[in-house]
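A quick write-up on the structure given underneath.
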Amino acid sequence: MIRRMTEADLSEVAELERNTFTTPWSERSLRESLAKPDYLFLVCEEQEMIVGYGGLLKVGDEADILDIAVTEEFRGRGIGTALVKELLTGGRALGIRAFTLEVRVSNRAALHVYEKLGFAREGLRKDFYEKPREDAAILWLRTD
């Protein structure tokens, strides 16, 4: 089940961040962002636990998809794809007409998901990521 993230989800989402990313968002940063109206965070809940989450930041009629994370044991089940689809739907309802994101160039699974959903590679950010240092592919999906 995918739904909007609430404050009650923050500790589980922060743990998912720590287990997924080398430079994770802190629980405090997540809490501060959750309270702001330009952020949209969703969680996927299965078996009464958070198994995935994603978020975006709205800037005018564009949005930056911030993170998509799925617990390791639930990967490969379409949860990441479902989260992105729901973020796109929720974003469009907020008047967003273009979505962007960065993804590690080595993350072939994520690149496949985004490209399957209509995102196109439009640039490269050299040395964008740390731990390990790596380039980021810049992807866009424009709806107009």
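- In this view, Lys126 and Leu124, Asp135 satisfy the side-chain contact (heavy atoms from CB on, under 4.5 Å) rule, not counting sequence neighbours.
- For the atom pair CG of Leu88 and CD1 of Ile96, the computed distance is 9.0 Å after rounding to the nearest 0.5 Å.
- Residues that satisfy the side-chain hydrogen bond (donor to acceptor under 3.5 Å, both in side chains) test with Glu122, not counting sequence neighbours, are Arg142.
- With sequence neighbours excluded, the residues that form a salt bridge (charged side-chain N to carboxylate O under 4.0 Å, His left out) with Glu32 are Arg28.
- Asp67 contributes atom CG, which lies 11.5 Å from atom CG of Leu56 (distance to the nearest 0.5 angstrom).
- Two residues are said to be in side-chain contact when any heavy atoms from C-beta on lie closer than 4.5 Å; Asp64 and Val59 fail this criterion.
- Counting only heavy atoms from C-beta outward, the side chains of Phe41 and Val13 never approach each other to under 4.5 Å.
- For Arg133, the side-chain hydrogen bond (donor to acceptor under 3.5 Å, both in side chains) test picks out no residue, with sequence neighbours left out.
- In terms of heavy atoms, Ala14 sits closest to Glu27 at CB-CB, 3.8 Å.
- Under the side-chain contact (heavy atoms from CB on, under 4.5 Å) criterion, Ala69 pairs with Leu16, Thr20, Phe21, Tyr53, sequence neighbours left out.
- Within the structure, ring-ring contact (aromatic ring centres under 6.0 Å, His included) pairs that include any residue of residues 114-144 comprise Tyr114-Phe119 (at least two apart or interchain).
- At a threshold of 4.5 Å between side-chain heavy atoms, the hydrophobic network of Ile, Leu, Val, Met, Phe, Trp and Tyr places Leu34 and Leu66 in one connected group.
- The side-chain contact (heavy atoms from CB on, under 4.5 Å) test applied to Arg97 returns Asp61, Thr143, Asp144, not counting sequence neighbours.
- Using a distance-only test at 3.5 Å, with no hydrogens or angles considered, no donor-acceptor pair links the side chain of Glu17 to the main chain of Pro24.
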Expected list for residues 101-111: side-chain donor-acceptor pairs under 3.5 angstrom, two or more places apart:
residue, atom, partner, partner atom, Å
Glu102, OE2, Arg125, NE, 3.2
Glu102, OE2, Arg125, NH2, 3.4
Arg104, NH1, Pro132, O, 3.0
Arg104, NH1, Glu134, OE1, 2.9
Arg104, NH2, Glu130, O, 3.0
Ser106, OG, Glu134, OE1, 3.2
Ser106, OG, Glu134, OE2, 2.6
Asn107, OD1, Ala110, N, 3.1

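- Crowding of Glu72 atom CD: a count of heavy atoms from other residues, nucleotides or ligands under 6.0 Å not exceeding 12.
- With rounding to the nearest 0.5 Å, the separation of CD1 in Ile65 from CG in Leu141 is 8.0 Å.
- Heavy-atom minimum distance, Leu87 versus Gly55: CD1-N, 3.7 Å.
- The salt bridge (charged side-chain N to carboxylate O under 4.0 Å, His left out) test applied to Asp9 returns Arg3, not counting sequence neighbours.
- Contact of the Lys58 side chain with the Leu40 side chain is not registered, since no non-hydrogen atoms from C-beta on lie closer than 4.5 Å.
- For Thr89, there are no side-chain hydrogen bond (donor to acceptor under 3.5 Å, both in side chains) partners two or more places apart in sequence or in a different chain.
- A pairwise comparison of heavy atoms in Thr23 and Lys131 identifies CG2-CD, 4.3 Å as the closest pair.
- Applying the side-chain contact (heavy atoms from CB on, under 4.5 Å) rule to Thr81 yields the partners Lys85, Val113, Lys116, Leu117; only residues at least two apart in sequence or on another chain are considered.
- Both Ile68 and Val51 are part of a single hydrophobic cluster, where members link through side-chain heavy atoms under 4.5 Å apart.
- Smallest separation of non-hydrogen atoms from Cys44 and Leu83: N-CD2, 4.2 Å.
- Taking each heavy atom of Glu86 and Leu42 in turn, the nearest pair found is CB-CD1, 3.5 Å.
- In this structure, Ile79 CD1 and Glu46 CD are separated by 4.5 Å, a value rounded to the nearest 0.5 Å.
- At a threshold of 4.5 Å between side-chain heavy atoms, the hydrophobic network of Ile, Leu, Val, Met, Phe, Trp and Tyr places Met49 and Leu10 in two separate groups.
- Qualifying side-chain hydrogen bond (donor to acceptor under 3.5 Å, both in side chains) partners for Arg4, counting only residues two or more places apart in sequence or in other chains: none.
- Closest of all the heavy-atom pairs between Trp25 and Ser33 is CZ3-OG, 3.3 Å.
- Note that CD of Glu15 and CD1 of Ile50 are 11.5 Å apart. Values are rounded to the nearest 0.5 Å.
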